[in-house]
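Okay, structure first, notes after.
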Amino acid sequence: MTAAPRAALQVRNLRKTYKDVLAVDRLDLEVRTGECFGLLGPNGAGKTTTIEICEGLLAPDSGDVEMLGMSWNSDAGRLRQRLGIQLQDTQLSEKLTVLETVRLFRSFYEAGPAPSEVIALVALDEKQNARVGNLSGGQKQRLAMACALVGGPEFLFLDEPTTGLDPQARRQLWDLIEEFKASGRTILLTTHYMDEAERLCDRIAIMDHGKVIALGTPRELIASIGVEHVLEFSAGSAARPLAVSPLRRIEGAREVRSQNGSVEMLVTELHRAVPALIEELSRQGLPLTELRTHSASLEDVFVTLTGRHLRDE
Amino acid sequence: MSDISISELRAREAARKSPRPGAWTEHPLAQLTLVRFLEFVREPEALFWVFVFPILLAAGLGLAFRNRPADVLKIAAVTPQLAQALRAEKGLDVARMHAAAAQEALRTGKVALVVEPADASGGGAGGVAYRYDDTNPEGRTARLLAYGAIERAAGRVDPVPASDRFLRDPGSRYIDFLIPGLLGMNLMGSAIWGMGFAIVDARRKKLMKRLVATPMPRQYYLLSFVLSRLLLLVVEVAAVLGFGVLVFGVPLRGSLAVLMLVCVLASLSFSALGLLIASRARTIEAASGIMNTVMMPMWIVSGVFFSAQRFPQFLQPAIKGLPLTAAIDALRMNILQGAGLALLGPQMGVLAAWLVVCFVLALRLFRWR
């Protein structure tokens, strides 16, 4: 028991319904100590409900949550001391300064770094006397991070930490999360950004309709769909539509999806598939109007598993 | 990206033996109260409604209802002899006019009464005629005053000696009645608005949910609202009462300690009521609706601007049971009549009952997310 990497979070058979909507459907989850675990899925997949149950903010209808070896029913006070939490769209009080806000949060914890240290960590030292209302979106998000870190947590919950931020602000936050990870502590992260999950997470659970539909490292998940590359192209027109079925016979083509004249093909070998595609198009007498290729990503995993894109809905 | 790394932070953390920085100012209750206080004073509108508005209201109403010197009535006398006799009466402002001009002045309301020799209109010789509109109270008053003056000038001696004592002391004017009323209204408004808006706003912005996700003791959160209210209360009471005392000379006849006690208990009761109002509302609109529904009837029936006794007798028990009525009655009894704690028992009991009932209900119903 001591040698094995004990689970920091163990969720068994979790269920939660809102009125007649089933938000979480018999979910099992294990987050190992020291890893960054990602919950990935479209809006409404049940990510936030799951994370809020794990944070002890929501009671499940049924199922067990074991957090750091403790239960919310009996150890809530001790657990809260050891968790860092960043919620989706919390608005901190606009009239307080950065320092006043962090000091307030610091006062709730028995131990942890000094407010000024945490503020320096999230690079808000120059803004420490600025009102929260005057911060940019990225700065507000870093302040939320500071409030999550000020208790010196062992386990950090991040619910869509970079939603709505510009690319630079996102990268700054990623750096911060990676640093936290490097210090050996555990993170549970939800996101609907593929690149974020691929970059930050050691393991990922893809959620849809309240269930985990795939679980593994980013590499494992991508490998699981058995393709390396994705080919996207447009050809044909309303008057002369492209015949899709011959494409399925191209060597190494695993899946062909066509939508409004643009086609997505999952292929194993790019160097065989592209010439075969061009040959087929010239046989049909259609010009190629657009062609893109990229390596298979988590997005493709999601699309393969559900037939939908993550950002649609 | 920063000067300090997390691992470095962790090392410092481990090195630090003393857990929370020990000063009492870093206690969660002190921090929550401080934050609440800062949020309030950084909100200019709130400052206006709590401090400036009641003073403006008191100043306006005090000016409108100030005690003027007793009205002097304008009358006209047609002959110099009559005018002479009438000028002995201080309540009359006598002008001598010709008969036609005096008639015209009476008709246009410039004078309340015309006094003329009776023969001018066909009465007995040597008599005096009083011409006035008998449906106008000013005319009738002027008639009485003029009649007395003429009679005394003609040598009448009053069979019963009479003297006048005027009631114009501080303590019985309208402004004296008004200041405790405004103070009570202010205590109610600031407590209910202060609690209600801050709580609903924190809930709406999910700030409350964020705080609940920390180890913050929840009772401290609610307590911080009450404590910051009490801090502000001192300033608030001082502003309204100070204004009344300095500008209008309102007397403070009761003990200040009892006055403060009444204010604190009233503020606590209203805070509990505010907490109850805000215990479930999710939007500012819903909360303001409930607040107005709760406060409006009390503004009217609880005797802020006029005595609650004007309402029918059968309503009196209900009116006396309202917290604002109890607060204002206790304040008036203390400020104007110097009543001590013993006499304020019923009012304090009503306030305490509201405090307990609202607080217990609010804790039961409170929605923490």
Side-chain angles (χ1 to χ4, degrees), chain A residues 52 55-58 76-83 85-97 100-101 103-115 117-125 131 144 147-152 157 171-172 175-176 179-185, chain B residues 1-46 198 201-218 220-221 224 368-369:
Chain A
E52 287 189 355
E55 288 163 347
L57 289 174
L58 272 181
R78 277 195 296 152
L79 263 176
R80 295 213 179 284
Q81 288 288 350
R82 294 166 64 181
L83 303 181
I85 290 177
Q86 180 260 109
L87 299 175
Q88 215 183 111
D89 47 62
T90 297
Q91 291 167 267
L92 294 163
S93 183
E94 308 238 307
K95 296 195 180 59
L96 301 178
T97 67
E100 284 161 356
T101 305
R103 253 180 93 188
L104 172 69
F105 278 86
R106 176 65 187 84
S107 76
F108 304 143
Y109 294 91
E110 281 163 9
E117 289 171 339
V118 185
I119 291 171
L121 179 71
V122 300
L124 283 176
D125 3 13
R131 299 269 177 95
C147 294
L149 293 175
V150 78
F157 287 100
R171 271 192 295 276
Q172 274 184 317
D175 287 342
L176 198 58
E179 259 195 83
F180 184 84
K181 212 172 96 180
S183 72
R185 291 182 264 188
Chain B
M1 84 170 270
S2 55
D3 321 345
I4 305 182
S5 72
I6 291 206
S7 37
E8 194 182 330
L9 204 60
R10 208 174 188 193
R12 290 195 204 175
E13 216 174 277
R16 194 178 294 120
K17 282 283 177 282
S18 74
R20 191 187 287 129
W24 68 270
T25 51
E26 305 305 318
H27 188 274
L29 187 54
Q31 279 293 316
L32 281 165
T33 308
L34 171 71
V35 156
R36 195 78 44 236
F37 187 78
L38 290 175
E39 281 173 340
F40 179 80
V41 297
R42 288 175 188 170
E43 179 100 68
E45 297 90 334
D201 200 43
R203 188 180 289 128
R204 188 176 61 87
K205 290 179 171 164
K206 302 196 181 169
L207 178 58
M208 190 183 288
K209 185 168 159 190
R210 178 64 187 90
L211 289 173
V212 165
T214 70
M216 173 191 76
R218 294 182 182 192
Y220 286 174
Y221 182 72
S224 72
W368 283 100
R369 27 185 305 134

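If you're wondering where the values come from, they're calculated on a predicted model, not measured in any experiment. Letters go in sequence order (proteins before strands), and every chain restarts at 1.
- With chain B as partner, the option from A/E100, A/E55, A/R131, A/R103 having the largest number of non-hydrogen pairs under 4.5 angstrom is A/R103.
- Residues B/E26 and A/R106 fail the side-chain proximity criterion, which asks for heavy atoms closer than 4.5 Å.
- The shortest side-chain heavy-atom distance between A/L57 and B/K209 falls under the 4.5 Å cut-off.
- Inter-residue side-chain proximity for B/Q31 and A/F108 is flagged as unmet; no heavy-atom pair is nearer than 4.5 Å.
- With B/R42 contributing its side chain and A/E94 its backbone, the two residues share no donor-acceptor pair below 3.5 Å.
- Of all the heavy atoms in B/P215 and A/Q81, the pair that sits closest is CB-NE2, 3.5 Å.
- Across all non-hydrogen atoms, the minimal contact from B/R210 to A/T90 is CB-CG2, 3.6 Å.
- Contact count against chain B (heavy-atom pairs under 4.5 Å) is highest for A/R80 among A/E52, A/R78, A/R80.
- Among the candidates B/V35, B/L211, B/L38, B/L29, the residue making the largest number of heavy-atom pairs closer than 4.5 Å to chain A is B/V35.
- Residue A/F157 does not touch chain B at all, counting heavy-atom pairs closer than 4.5 Å.
- Of the listed residues (B/T214, B/D201, B/L32), the one with the most heavy-atom contacts under 4.5 Å to chain A is B/T214.
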Review point. Can you check side-chain contact (heavy atoms from CB on, under 4.5 Å) on A/L96 and B/E39, steps first, answer last?
Key: CA-CA 7 Å; A/L96 301 178; B/E39 281 173 340; 4.1 Å; yes
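- A distance of 8.5 Å separates CE in B/M216 from CG in A/L104, rounded to the nearest 0.5 Å.
- Neither the backbone nor the side chain of A/A182 comes within contact range of chain B, judged by heavy atoms closer than 4.5 Å.
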